[in-house]
S.K.: 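Just dropping this structure here.
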Amino acid sequence: MIYRTHAAFGAALMESVLVGEGAFSWQAGAAVAIAALVAVIPDVDHPQSWITLHVDPLRLVSRTFRHRTATHSLLSILFGYVFLFQLLHLPPWVASGIWVGWTSHALIDLLNPQGVMLFWPMPTPSLQKRLHWNGFIRNPVPLFTIPVQSLGEEILERLLLFYAMALGVLWIAAHIIVSLPFSRPLHRLLWHGIDILTWPFLVHIALWLHIRA
């Protein structure tokens, strides 16, 4: 996926979690922005990625690691969580924005044909030869495989942007409308739209992981 799609998905995922948790503050908005920015960073392992082309010292990463391996792995996600939440003790909205943005990158990259080496550094090169498998986890449903810079990715990017904007407008409107007289029917309608656009299971996972703003 290109950087715009990653940024859109990072923002949409963070926003969905925080709205589901009922967060309404400037910290929540900042966490969404952080997630969008951080979501493009794992592609530092690609020499032609947007982040690598704009931050020249990061080219060293692309010379060291194969694309969609180390920076896209469960190991980097786990290390990032421990580092952000257990060692640095950052404000929750900062840590949550960084971690969700980083994690979102690998999740949406699972849709591309190459897949992601989630279990890096396993399998090792010698084990790959024995298994006849390069270690990349691919989308098992070909119908939902989306090549990079394809029409499918363009559609996905626009859908994600529309989702994030629609959820944000509904969320803000619901908090503004509630203070107005005779607004109960409209308020119910807005909340119904919010319920459709959020997923309880995702909120439960986020709360368990202490993702909040």
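It should be emphasised that the depicted structure is a prediction, and the values quoted were computed from it without experimental measurement.
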S.K.: State, with a plain yes or no, whether a side-chain heavy atom of Leu90 is found less than 4.5 Å away from one of Phe85.
M.R.: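 The answer is no; the side chains never approach within 4.5 Å.
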S.K.: For the residue pair Ser104 and Gly10, what are the closest heavy atoms and their distance?
M.R.: OG-CA, 3.4 Å
S.K.: Using a cut-off of 6.0 Å, state whether more than 12 heavy atoms not belonging to Met165 lie near its atom CE.
M.R.: no
S.K.: Classify the ring geometry of Trp99 against Tyr81: parallel below 30°, tilted from 30° to 60°, perpendicular beyond 60°.
M.R.: perpendicular
S.K.: Quick one: does any side-chain atom of Ser96 pair with a main-chain N or O of Ile211 as donor and acceptor, under 3.5 Å?
M.R.: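 Not at all, since once roles are kept as given, no pair shorter than 3.5 Å links the two residues.
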S.K.: Does some side-chain heavy atom of Leu13 sit less than 4.5 Å from a side-chain heavy atom of Ile108?
M.R.: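 Heavy-atom side-chain distance check fails, nothing below 4.5 Å.
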S.K.: Rounded to the nearest 0.5 Å, what separation is found between the CG atom of Asn112 and the CZ atom of Arg68?
M.R.: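 CZ of Arg68 is found 3.5 Å from CG of Asn112.
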S.K.: Provide the closest heavy-atom pair for Pro147 versus Ser150 in the form atom of the first, atom of the second, distance.
M.R.: O-OG, 2.7 Å
S.K.: Is the shortest heavy-atom distance from the side chain of Leu75 to the side chain of Pro121 under 4.5 Å?
M.R.: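 SC-SC contact between Leu75 and Pro121 confirmed.
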S.K.: Are Trp191 and Tyr163 connected in the hydrophobic side-chain network, where two residues link if heavy atoms are under 4.5 Å apart?
M.R.: yes
S.K.: Nearest 0.5 Å, please: how far is CG in Leu118 from CG in Leu74?
M.R.: 4.5 Å
S.K.: For Thr198 and Ser16, work out which heavy atoms get closest and say how close.
M.R.: CG2-O, 3.9 Å
S.K.: Test of understanding: clusters of I, L, V, M, F, W, Y form through side-chain heavy atoms closer than 4.5 Å, transitively. Do Leu161 and Ile34 belong to the same one?
M.R.: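 Leu161 does not cluster with Ile34.
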S.K.: With sequence neighbours left out, write down each residue that passes salt bridge (Lys or Arg N to Asp or Glu O under 4.0 Å) with Glu21, or none if nothing qualifies.
M.R.: none
S.K.: Among Arg138, Glu153, Met1, which residue meets the side chain to side chain contact (heavy atoms under 4.5 Å, CB included) test with Leu111?
M.R.: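 Of the listed residues Arg138, Glu153, Met1, the side chain to side chain contact (heavy atoms under 4.5 Å, CB included) partner of Leu111 is Met1.
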S.K.: Do Phe9 and Leu107 come close enough that some side-chain heavy atom pair is under 4.5 Å?
M.R.: yes
S.K.: Can you see which heavy atom on Ile77 is nearest to which on Trp102, and at what distance?
M.R.: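 Taking Ile77 first and Trp102 second, the nearest heavy atoms are CG1-CD1, 4.1 Å.
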S.K.: Of all residues at least two apart in sequence or in a different chain, which pass the ring pair (Phe, Tyr, Trp, His ring centres under 6.0 Å) check with Phe144?
M.R.: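 Result, ring pair (Phe, Tyr, Trp, His ring centres under 6.0 Å) vs Phe144: none returned.
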S.K.: Applying ring pair (Phe, Tyr, Trp, His ring centres under 6.0 Å) between His6 and each of His46, His72, His105, report the one that passes.
M.R.: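 When His46, His72, His105 are each tested with His6, the ring pair (Phe, Tyr, Trp, His ring centres under 6.0 Å) holds only for His105.
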S.K.: Please answer: with hydrophobic residues joined when any side-chain heavy atoms are less than 4.5 Å apart, are Phe65 and Phe79 in the same cluster?
M.R.: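 Yes, same cluster.
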S.K.: When you look at His175 and Trp171, which way does the ring pair (Phe, Tyr, Trp, His ring centres under 6.0 Å) test go after all the steps?
M.R.: CA-CA 7 Å; His175 284 79; Trp171 188 235; 4.4 Å; yes
S.K.: Please answer: with hydrophobic residues joined when any side-chain heavy atoms are less than 4.5 Å apart, are Trp199 and Ile205 in the same cluster?
M.R.: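 Yes, Trp199 and Ile205 fall within the same hydrophobic cluster.
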S.K.: I want to check something: taking the side chain as every heavy atom from C-beta on, are Trp93 and Trp26 in contact at a cut-off of under 4.5 Å?
M.R.: yes
S.K.: Once you round to the nearest 0.5 Å, how far does CD1 of Ile172 lie from CZ of Phe24?
M.R.: 6.0 Å
S.K.: Do Trp208 and Val100 belong to the same hydrophobic cluster, where Ile, Leu, Val, Met, Phe, Trp and Tyr are linked whenever their side-chain heavy atoms lie under 4.5 Å apart, directly or via other members?
M.R.: yes
S.K.: Minimum heavy-atom separation for Ala31 and Leu18, please, with both atom names.
M.R.: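 So the two residues come closest at CB-CD1, 3.9 Å.
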S.K.: So which heavy atom on Leu160 is nearest to which on Thr5, and how close?
M.R.: CD1-O, 4.1 Å
S.K.: Enter the distance from Asp43:CG to Thr71:OG1 here, rounded to the nearest 0.5 Å.
M.R.: 7.0 Å
S.K.: For His67, which residues count as a side-chain hydrogen bond (donor to acceptor under 3.5 Å, both in side chains) partner, sequence neighbours excluded?
M.R.: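 His67: side-chain hydrogen bond (donor to acceptor under 3.5 Å, both in side chains) contacts with Asp45.
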S.K.: Considering only heavy atoms from C-beta outward, does the side chain of Leu88 approach that of Phe83 to under 4.5 Å?
M.R.: yes
S.K.: To the nearest 0.5 angstrom, please state how far the CG atom of Leu167 sits from the CD atom of Glu15.
M.R.: 4.5 Å
S.K.: Does the side chain of Leu190 come within less than 4.5 Å of Leu170's, by heavy atoms?
M.R.: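 When only atoms from C-beta onward are counted, Leu190 and Leu170 do touch, with a gap below 4.5 Å.
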S.K.: Nearest 0.5 Å, what's the CD-CD1 distance between Glu154 and Ile146?
M.R.: 12.0 Å
